[in-house]
Asks: 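Here's a structure for you.
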Amino acid sequence: MIKQFNLNDFLMATKRKWIPAFPTIFVSIFIFLTVLKGFGIRYVILTSFLTLLFQTRRLQDFRPRAILKTCIIMYLVCIGAFLATRSLFTCIIFNFFIPFFVVVLLTDKFNPKAYFVYGMEFVFLQLTPITAKDLPKQLLALTYGMTIVVIALYLFSKLIKRKRHYGTVRKGMKNLSIQLEKLLCGEDFSSDSTALTQMMYHMNQVIYSSRNYTYLATGYGKINYYFMLLFQRFQYFMHHFSRKELVITEEDRTYFLKLIHIFSSIEKEMNPSDNQKLNQQLNDFIENHALSSKKATEAMNQILSILIYALSTITMVSMHRPEKDWKVPSSSNWKTIILSFFQLDRFQIRFALRLAVVLCISFTFCFATKLNHAYWYPMSAFLMLMPYAEESRMKISNRIIGTCIGLCITFILTGIFTSLNSHIVIILIMTCFMYAAPITSWTLTMYTTCYGMSLTTLMLDREEAILLRLLYVGLAAITTILANHFLLPNTAESEFKKSVNALFDIDVQLIKELQKWQTGKPDMDVFRDLIVHSNLMSNEIQTYMNQNMSAEEKDFYKQLLPINRQLVSEMEQLNSYLNKRKDQLDLNNNLLFNQLFQNLADATKRIRVSYTTNQLNGSIMMDKNLHTFGPLDDNLYFNTLAFNCMRTTNHLIELSTMRPAS
């Protein structure tokens, strides 16, 4: 049965595809035509990576400091690309070290494509070597192109008004209201809890992306961190307390109805300027309302105290300025940083070496052989080689398919249209299709092939250009396949296993930080860093789980991740509890504290061994009376947290016995 053509559906599909791509298409065409007119055809190669820069930055805030940093890096890479074309020696040296350091300094497994714009610039600028006297002109063309991109980013930010107003935070506050409403109605809120988890994962990515080599977060990242903790504690609250414990009397119902109203007000009214009214509502609520359960009241008050602090702090931080009191834990240890360059188990080191070797080999081949258009070899290899081997395989197949089809289209079009103007029209048309195509599809390669070949066939015989393109793409594919197989490959499976190991390493480190309360105070920067990394690792595990696992394995990790999140939340709350009451508690000489921390440390280490070696030597059964802490009996919620923390570790151990064979 032939589906009837629907004009409205067609128009809507066209709108969804082309309207978001229009700004990128416009910037690309404008840069291409003006650079072609003002600087000549040799320099239109800048259009590709400058357009990509606009495309990747256009949905972000306009941040002058970040843009200045990008411009400085692009100038340095431009100089490096020029020096790489001076001699065979400089070709080898610069094509190894510049890609290596660009990847190592900008990329990791949580942000694997941060290198791409600069890597593309380095590769593409070598495709058309220039003499020393042409370098000022190239720098001027680069300056012009970057100026256009900066102006376009500024105008685009004003046009669509994409100033960040904590969108995920607002969605999260709405989610809290919905969960409380469903709690009162006796409805299931598990789907909302799952949605909140995904929001927290996203917020942790935002927090992590705002860090630099010295500081953990900007002001924007800091606020996201506190709201992430709030959501994490709320999720724990809703999981730990049952409806029967929370809604006992009519006063309890009134308590939650008023809290729903406050959360809704915060969702709509919170702002970076003044939240005094909202904080006053929260303080009045804490002072005048309580639940029947003393433990539940204390738990919720701790959640609301974070909310009050976050709403106050949001008015005092600068969104894009680093928080200088939040330092990256290893930032002062240069020896550790230097030694990390030699750790071959690190994701970015492995990919950096692989990319550096491939570019070094391919560009050395070009320089040594001087073959016609041999630069297609390193260009194709760069575009095929991705951080993960699985993604590289997809890129290789897409590159081959797209190239073959693109060459067929080019053969037909350039046979019909032979003038310079007609070739430019083909380039402009392919630009439009190129930036509207999905980035993972072979169609993108098809359009880029037509784009590049339309330029090439102005200077080279059409049949010769097609044969050379096929030859170099094939050579690049072979090189990339060999590199992915033999040269420190990063596979999704291997990185998944590392993420699982790292998740439990983080648990052990969190316990070690808690143990420091016995002799001093934990490093809060270390604790924050561990919390964020735990969530990032959990997200990595979940992503792999959803895409690559069998049903049995997926079921196992579906149980593991919530339990581990619960353990991390309990340890975070214990840390906060001790931080607030450190002057009231004798932590140095308290045998009960010593026993608690030691039990947690032993249990998490045993869990680490259990999950990462698939072996379990016995089980650790927790004392059912562990919640009795003698003189600490008045601190009811602390006792509950301590007991739950031990119980959660036991759940992890019990779950490990059911682990499917790997």
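Computed from a predicted structure; not experimentally measured.
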Asks: In sequence, state the C-alpha distance, the side-chain angles, and the governing distance for Arg211 and Thr218, and then conclude on side-chain hydrogen bond (donor to acceptor under 3.5 Å, both in side chains).
Replies: CA-CA 7 Å; Arg211 69 191 281 144; Thr218 62; over 6 Å; no
Asks: Parallel, tilted or perpendicular: which one describes the rings of Tyr557 and Phe496, with boundaries at 30° and 60°?
Replies: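 Ring orientation of Tyr557 relative to Phe496: perpendicular.
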Asks: State the CD-CG distance between Gln179 and Asp188, to the nearest 0.5 angstrom.
Replies: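 Between Gln179 CD and Asp188 CG, I get 10.0 Å after rounding to 0.5 Å.
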Asks: Got Pro387 and Tyr115 here, is their nearest side-chain heavy-atom distance under 4.5 Å?
Replies: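 A side-chain contact exists here, since the closest heavy-atom pair is under 4.5 Å.
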Asks: Please give me the minimum heavy-atom distance between Asn546 and Lys554, naming the atom from each residue.
Replies: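 In terms of heavy atoms, the two residues are closest at O-NZ, 3.8 Å.
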Asks: For the side chain of Ser392 and the backbone of Met386, is there at least one donor-acceptor N/O pair under 3.5 Å apart?
Replies: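 Yes, because the side chain of Ser392 sits within donor-acceptor range (under 3.5 Å) of the backbone of Met386.
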Asks: Do Tyr388 and Phe347 have their ring centres less than 6.0 Å from each other?
Replies: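 Yes; Phe347 has its ring centre under 6.0 Å from that of Tyr388.
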Asks: Does the side chain of Asn279 come under 3.5 Å of the side chain of Ser312 through a donor N or O and an acceptor N or O?
Replies: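 Indeed, the side chains of Asn279 and Ser312 share at least one donor-acceptor pair under 3.5 Å.
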Asks: Has Arg243 got more than 12 heavy atoms of other residues, nucleotides or ligands less than 6.0 Å from its CZ?
Replies: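 Yes, CZ of Arg243 has more than 12 neighbouring heavy atoms, counting only those of other groups under 6.0 Å.
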Asks: With Glu323, which residues qualify under salt bridge (charged side-chain N to carboxylate O under 4.0 Å, His left out), at least two apart?
Replies: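 Residues passing salt bridge (charged side-chain N to carboxylate O under 4.0 Å, His left out) with Glu323: Lys222.
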Asks: If only side-chain N and O atoms count, and only distance matters, is there a donor-acceptor pair under 3.5 Å linking Gln198 with Thr194?
Replies: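 The answer is no; no qualifying pair exists.
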Asks: Where does the angle between the aromatic ring planes of Phe227 and Phe231 fall among parallel (under 30°), tilted (30 to 60°) and perpendicular (over 60°)?
Replies: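 The arrangement is tilted - the two ring planes meet at 30° to 60°.
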Asks: Is the backbone of Lys327 close enough, under 3.5 Å, to the side chain of Asp525 for a donor and an acceptor to pair up by distance?
Replies: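 Confirmed, Asp525 side chain pairs with Lys327 backbone.
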Asks: Is Glu391 salt-bridged to Lys113, cutoff N-O under 4.0 Å?
Replies: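 Looking at Glu391 and Lys113, the cut-off is met.
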Asks: Under 3.5 Å, is there a donor on one side chain and an acceptor on the other for Arg565 and Ser534?
Replies: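 Judged by distance alone, the side chains do not pair up.
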Asks: For the residue pair Met270 and Arg170, establish whether any side-chain heavy-atom pair is separated by less than 4.5 Å.
Replies: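 Contact flag for Met270/Arg170 side chains = yes.
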Asks: Do NZ/NE/NH1/NH2 and the carboxylate oxygens of Lys558 and Asp555 come within less than 4.0 Å?
Replies: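 No, this pair does not count.
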Asks: Flag the pair Asn275 / Ile266 as yes when at least one side-chain heavy-atom distance between them is below 4.5 Å, and no otherwise.
Replies: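 Asn275 vs Ile266: side chains apart.
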Asks: In the structure I gave you, are the side-chain heavy atoms of Arg57 and Phe62 within less than 4.5 Å of one another anywhere?
Replies: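 No, too far: nothing below the 4.5 Å cut-off.
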Asks: Looking just at side-chain N and O atoms, do Asn575 and Trp517 make a donor-acceptor pair shorter than 3.5 Å?
Replies: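 Yes - a donor-acceptor pair under 3.5 Å links their side chains.
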Asks: With the threshold set at 4.0 Å, does a side-chain nitrogen-carboxylate oxygen contact exist between Glu267 and Lys171?
Replies: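 No, this pair does not count.
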Asks: Distance check, rounded to the nearest 0.5 Å: Lys174 atom NZ versus Lys268 atom NZ?
Replies: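 Going from the NZ atom of Lys174 to the NZ atom of Lys268 covers 8.5 Å.
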Asks: Any Lys/Arg nitrogen of Asp108 or Arg346 sitting under 4.0 Å from an Asp/Glu carboxylate oxygen of the other?
Replies: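 So Asp108 does not pair with Arg346 through a salt bridge.
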Asks: Any side-chain heavy atom of His320 within less than 4.5 Å of one from Arg65?
Replies: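 No, side chains not in contact.
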Asks: Taking the six-membered ring for Trp, is the centroid-to-centroid distance between Tyr166 and Tyr220 below 6.0 Å?
Replies: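 Yes; Tyr220 has its ring centre under 6.0 Å from that of Tyr166.
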Asks: Using side-chain heavy atoms (C-beta onward) and a distance below 4.5 Å, is Leu278 in contact with Gln281?
Replies: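 They are in contact (side-chain heavy atoms under 4.5 Å apart), so the answer is yes.
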Asks: Answer yes when Lys182 and Asp192 have at least one side-chain N-carboxylate O distance shorter than 4.0 Å, and no when they do not.
Replies: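 So Lys182 pairs with Asp192 through a salt bridge.
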Asks: Within the 3.5 Å criterion, strictly below it, is a donor on Gln348 or Thr107 matched to an acceptor on the partner's side chain?
Replies: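 Thr107 and Gln348 do not have a side-chain donor-acceptor pair below 3.5 Å.
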Asks: For Ser210, what residues pass the side chain to side chain donor-acceptor pair (under 3.5 Å) criterion, not counting sequence neighbours?
Replies: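 Applying side chain to side chain donor-acceptor pair (under 3.5 Å) to Ser210 gives none.
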Asks: Let me confirm one number: the CD1-CD distance from Ile306 to Gln302, rounded to the nearest 0.5 Å.
Replies: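 Taking CD1 in Ile306 and CD in Gln302, the distance rounds to 8.0 Å.
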Asks: Please walk me through it: do Gln235 and Thr197 pass side-chain hydrogen bond (donor to acceptor under 3.5 Å, both in side chains)?
Replies: CA-CA 8 Å; Gln235 195 174 55; Thr197 298; 2.7 Å; yes
Asks: If we only count heavy atoms from C-beta on, is the Val328 to Thr214 side-chain gap below 4.5 Å?
Replies: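 Val328 vs Thr214: side chains apart.
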Asks: Apply ring pair (Phe, Tyr, Trp, His ring centres under 6.0 Å) to Tyr226 and list each qualifying residue two or more places apart in sequence or on a separate chain.
Replies: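 Here the qualifying residues are Tyr309, Trp326.
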Asks: OG/Ser494 to CG/Asp345 distance, rounded to the nearest 0.5 angstrom?
Replies: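 So the OG of Ser494 and the CG of Asp345 are separated by 11.0 Å.
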Asks: Do the charged groups of Glu298 and Lys295 touch, with an N to O distance under 4.0 Å?
Replies: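 Looking at Glu298 and Lys295, the cut-off is not met.
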Asks: Walk me through it: do Phe234 and Leu180 pass the test side chain to side chain contact (heavy atoms under 4.5 Å, CB included)?
Replies: CA-CA 10 Å; Phe234 180 88; Leu180 290 180; 3.9 Å; yes
Asks: Where do Leu176 and Leu196 land on the side chain to side chain contact (heavy atoms under 4.5 Å, CB included) test, with the steps shown first?
Replies: CA-CA 8 Å; Leu176 305 193; Leu196 188 63; 3.9 Å; yes
Asks: Any luck finding a side-chain donor-acceptor pair between Glu570 and Tyr236 under 3.5 Å?
Replies: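 Glu570 vs Tyr236: donor-acceptor pair found between side chains.
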Asks: Where do Leu567 and Ile563 land on the side chain to side chain contact (heavy atoms under 4.5 Å, CB included) test, with the steps shown first?
Replies: CA-CA 6 Å; Leu567 177 62; Ile563 296 175; 5.8 Å; no
Asks: Looking at side-chain heavy atoms only, is the closest gap between Met228 and Ile531 below 4.5 Å?
Replies: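 A side-chain contact exists here, since the closest heavy-atom pair is under 4.5 Å.
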Asks: At what distance, to the nearest 0.5 angstrom, does CG of Leu311 lie from CD1 of Ile223?
Replies: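 The CD1 atom of Ile223 is 8.5 Å from CG of Leu311, to the nearest 0.5 Å.
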Asks: Any salt bridge linking Glu493 with Lys497? Criterion: basic side-chain nitrogen under 4.0 Å from a carboxylate oxygen.
Replies: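 Looking at Glu493 and Lys497, the cut-off is met.
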Asks: Step by step, work out the side-chain hydrogen bond (donor to acceptor under 3.5 Å, both in side chains) result for Glu513 and Gln509.
Replies: CA-CA 6 Å; Glu513 289 301 310; Gln509 290 299 316; over 6 Å; no
Asks: Run the side-chain hydrogen bond (donor to acceptor under 3.5 Å, both in side chains) test on Ser576 and Glu572 for me, step by step, so that the C-alpha distance in whole Å, both residues' side-chain angles and the decisive distance to 0.1 Å come before the verdict.
Replies: CA-CA 6 Å; Ser576 177; Glu572 183 277 318; 4.8 Å; no
Asks: Mind checking the CG-OG spacing from Leu503 to Ser538? Nearest 0.5 Å is all I need.
Replies: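 Output value for this atom pair is 4.5 Å.
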